Peer 1: 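This is the structure, below, for whatever I ask next.
Note: hydrogens, waters and symmetry copies are ignored here, and every other heavy atom, side chains too, is used. Chain letters run A, B, ... following the sequence lines, proteins first, then strands; residues in each count from 1. None of these values were measured; they are calculated from a predicted model.
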Protein chains: 2
Amino acid sequence: MNNFNFCSPTYFAFGRGTESRAGELCVKYGAGRVLIVYGGGSAVRSGLLARVKERLDEARLWHTDLAGIKPNPTDDRVYEGIDVCRRERIDFILAVGGGSVIDTAKGIAAGAVYDGDFWDFYSGKAVPRSALPVGVVLTIPAAGSEGSGNTVITKVDGLHKISIRTEEVLRPRFAIMDPELTFTLPPFQTACGIADMMAHIMERYFSNTPGVEVSDRLCESVLTTIIGQAPIVMRSPDDYDARANIMWCGMIAHNGTCGVGREEDWSSHALEHEVSAVYDVAHGAGLAVIFPAWLTWMASHNPHKVAQFAGRVFGVEQLASPEATALEGVARLKAFFRSIGLPVTFAALGVANPDIDLLVRKLVEDKGQPIGNYVRLTPQDCREIYLLGCGD
Amino acid sequence: MNNFNFCSPTYFAFGRGTESRAGELCVKYGAGRVLIVYGGGSAVRSGLLARVKERLDEARLWHTDLAGIKPNPTDDRVYEGIDVCRRERIDFILAVGGGSVIDTAKGIAAGAVYDGDFWDFYSGKAVPRSALPVGVVLTIPAAGSEGSGNTVITKVDGLHKISIRTEEVLRPRFAIMDPELTFTLPPFQTACGIADMMAHIMERYFSNTPGVEVSDRLCESVLTTIIGQAPIVMRSPDDYDARANIMWCGMIAHNGTCGVGREEDWSSHALEHEVSAVYDVAHGAGLAVIFPAWLTWMASHNPHKVAQFAGRVFGVEQLASPEATALEGVARLKAFFRSIGLPVTFAALGVANPDIDLLVRKLVEDKGQPIGNYVRLTPQDCREIYLLGCGD
């Protein structure tokens with residue numbers, strides 16, 4: 001086991017009706033003048049936004065809006081938010097939405113207190129040392145941004161989609177998580193969220209670090225839970241307990257609990273970020289294509305952990321070789337993704353002929369090379385993995 | 001799943017050599033004048049205490065000592081610590097040791113800023129609203145106090161051993177966890193710690209709350225890890241990875257991760273606290289007697305979760321009845337405890353003829369009645385469970 005630091009200080013208020021605590025929690029964590037960041041569609045239509053604003057009014061908090069944040073959120077909205085913060089002397093940012101909204105809020109929070117260009121944090125020129133406090137009312141369980149110190153933003157100029165991770169600075173102060181808010185999520189979006197949270201666990205799970213039984217087992221327990229609960233939420237979108245389990249799994253998948261003491265990988269995310277940046281597909285759907293392709297490639301290059309995954313998560317018996325066991329595990333994962341309506345090929349993703357040269361070139365530009373840790377991937381390896389995503 | 005709040009803000013510095021960060025972390029969390037609380041034996045002999053003091057000196061922190069805290073820590077030492085805090089204007093408490101030391105530090109931390117008698121918090125007359133900040137250098141993985149908001153203190157007058165839980169106030173600001181510090185723990189103490197951390201998970205696991213798959217699976221994953229790593233640490237006390245896994249399991253067992261969204265039980269702890277208060281046995285050893293007795297009683301009164309435990313943690317196949325499956329699980333748990341040198345009967349614990357009348361009478365005095373949630377236990381039920389601990 002490697003040395004590690006772990007600190008997940010976010011206060012989670014979980015369950016039915018917890019959005020009624022939005023005002024109280026903003027006050028507790030120091031809010032006076034609040035920027036509310038949201039997407040627009042369902043948070044407005046469902047009345048959630050209006051209810052949250054009522055609570056802020058009751059708590060005598062001044063507030064203004066930054067609306068219309070879109071999936072695969074972009075730097076232009078972050079710049080806009082930073083301008084609002086400075087103009088309106090904002091001291092707290094409340095994100096009402098899913099990962100795109102929260103990640104935008106985090107970018108604004110770091111940028112608003114920084115003298116330079118906020119993109120410096122994403123380009124690696126600077127590290128955020130402080131930020132405005134961020135609170136969350138979560139509506140989409142997927143990205144895990146409600147409990148993580150991470151944010152992913154796409155630079156419109158060049159479509160560079162970059163993620164950064166901070167130990168503490170960008171972790172939300174509180175996250176309100178009401179599973180009932182997710183009852184109306186469309187099936188495809190629910191499924192994409194499931195793929196995303198599974199990927200967050202698997203990026204940590206596939207590691208060569210020895211002696212990490214506790215985090216191996218924690219990863220497997222959350223994956224097993226997700227795989228068991230997913231068919232229930234797909235079949236019965238208003239099953240409270242299944243929605244609640246999925247929602248908490250999405251948080252625990254990404255707040256660091258599953259990654260302590262181990263080298264992580266993150267090449268599937270890097271490979272996918274180029275796909276969603278270039279083709280504007282849903283990140284979770286892209287992962288459902290890329291992760292099985294990556295695992296297939298790993299089955300013939302470093303199968304041991306893929307075989308363990310197959311056995312412990314999907315109950316595959318040990319076959320003739322670790323590679324065979326691993327490949328059977330990948331087949332089960334693909335079957336699972338298909339069963340909840342996700343694509344597992346580029347064609348099914350709606351990208352009939354991906355420009356693999358472009359994807360690899362952008363990957364090298366954005367992430368350097370090689371990428372990953374479970375096996376260090378050269379650009380040629382990445383090309384092979386993208387090609388595996390074109391198969392069946 | 002029940003509504004819940006969860007906040008575990010402690011900063012964990014985990015791994016080899018992390019005790020060298022004691023000064024830096026005390027400063028980060030606001031220390032100026034530090035009370036160092038410790039037991040005395042191994043922390044002094046190993047040189048750990050001297051090294052920690054050196055780091056505090058380097059960080060220019062004034063410090064003084066409260067030494068000689070014993071297992072099953074008592075209120076007299078808490079009063080003494082509170083006096084030192086007031087006399088010396090202490091603003092930070094550093095606990096160097098295991099659960100007894102940390103729990104004493106927490107009692108002092110709450111009492112030092114309270115106008116009344118600190119025992120009010122333990123007797124239920126008052127709730128701690130604030131406390132001095134506490135830091136930890138952990139030497140015994142067992143109680144999980146390094147990550148919890150809990151503390152257990154015994155009132156010498158009447159031998160009342162009482163535990164309290166706070167959501168945030170008494171959680172340590174930081175915990176330094178170096179597995180190498182545990183290499184020299186005697187085998188019996190190692191085994192007692194293992195029983196204690198397993199009990200912390202099982203007190204949460206045995207619950208009738210429906211729809212808690214994620215926390216069920218998290219509990220099972222940590223139990224499975226402990227059961228797998230325990231034989232290694234018993235055989236090879238200086239196996240770093242096994243010690244590291246056990247150490248992290250002890251934290252995650254009790255910081256709340258395993259208990260979210262479910263009604264917990266805690267009657268085995270209540271039953272055991274009377275035993276260790278009256279007979280001054282090691283808490284973990286007492287739990288190795290009481291928990292199997294409690295589970296045996298449950299097998300005939302509410303077997304469903306005990307049968308699930310048997311299947312998922314010990315791999316017991318489903319037998320003719322849930323009761324039979326449950327009992328086979330209890331037999332495996334007892335065999336496991338015996339295999340690491342723990343008693344599973346009062347006689348083996350060194351209490352040949354426990355005064356069960358006295359234990360039940362004190363239990364009713366200290367905890368009221370009924371106790372527990374998985375099945376509500378009357379005094380007569382408790383008597384039956386104590387009697388089961390007298391069997392084989």
Peer 1: Find the distance between CG (A/Asn2) and CZ (B/Arg16) and round it off to the nearest 0.5 Å.
Peer 2: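 A/Asn2 CG to B/Arg16 CZ: 9.5 Å, rounded to 0.5 Å.
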Peer 1: Nearest 0.5 Å, please: how far is CG in A/Asp216 from OG1 in B/Thr224?
Peer 2: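 Result: 12.5 Å between the selected atoms.
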Peer 1: For residues 208-227 of chain A, pull every pair meeting ring pair (Phe, Tyr, Trp, His ring centres under 6.0 Å), keeping only residues two or more places apart or in separate chains.
Peer 2: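 Sorted pair list comes back empty.
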Peer 1: Before you tell me yes or no, could you show the steps for B/Asn5 and A/Tyr11 under side-chain contact (heavy atoms from CB on, under 4.5 Å), namely the whole-Å CA-CA distance, both residues' side-chain angles and the distance that decides it to 0.1 Å?
Peer 2: CA-CA 7 Å; B/Asn5 303 323; A/Tyr11 177 91; 3.1 Å; yes
Peer 1: Could you name the residues of residues 244-260 of chain B that have a heavy atom within less than 4.5 Å of a heavy atom in chain A?
Peer 2: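 B/Ala244, B/Asn245, B/Trp248, B/Cys249, B/Ile252, B/Thr257, B/Val260 fall under the 4.5 Å cut-off.
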Peer 1: Give, as side chain, backbone, both or neither, the part of B/Arg21 having an atom under 4.5 angstrom from any heavy atom of chain A.
Peer 2: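 The side chain, not the backbone.
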Peer 1: Any ion pair linking A/Glu168 and B/Lys28 (charged N to carboxylate O, less than 4.0 Å)?
Peer 2: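 Yes, this pair counts.
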Peer 1: Quick one: salt bridge (charged side-chain N to carboxylate O under 4.0 Å, His left out) partners of A/Asp265, sequence neighbours excluded?
Peer 2: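 Here no residue qualifies.
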Peer 1: Out of curiosity, B/Met1 CE to A/Arg243 CZ, how far, rounded to the nearest 0.5 Å?
Peer 2: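 Going from the CE atom of B/Met1 to the CZ atom of A/Arg243 covers 13.5 Å.
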Peer 1: In terms of heavy-atom proximity below 4.5 Å to chain A, should B/Tyr240 be classed as side chain, backbone, both, or neither?
Peer 2: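 Interface part for B/Tyr240: side chain.
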Peer 1: If you check every heavy atom in residues 206-215 of chain B against those of chain A, which residues fall under 4.5 Å?
Peer 2: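 B/Pro210, B/Gly211, B/Val212, B/Glu213, B/Val214 fall under the 4.5 Å cut-off.
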Peer 1: Nearest 0.5 angstrom please: B/Ile226 CD1 to A/Arg217 CZ, how far?
Peer 2: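 It comes to 12.0 Å.
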Peer 1: For chain A, find which of B/Cys219, B/Ser221, B/Ala175 contributes the most heavy-atom pairs closer than 4.5 angstrom.
Peer 2: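 Maximum pair count with chain A is reached by B/Ser221.
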Peer 1: Say you draw a straight line from CZ of A/Phe4 to CZ of B/Phe12; how long is it, rounded to the nearest 0.5 Å?
Peer 2: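 Separation between the atoms: 8.5 Å.
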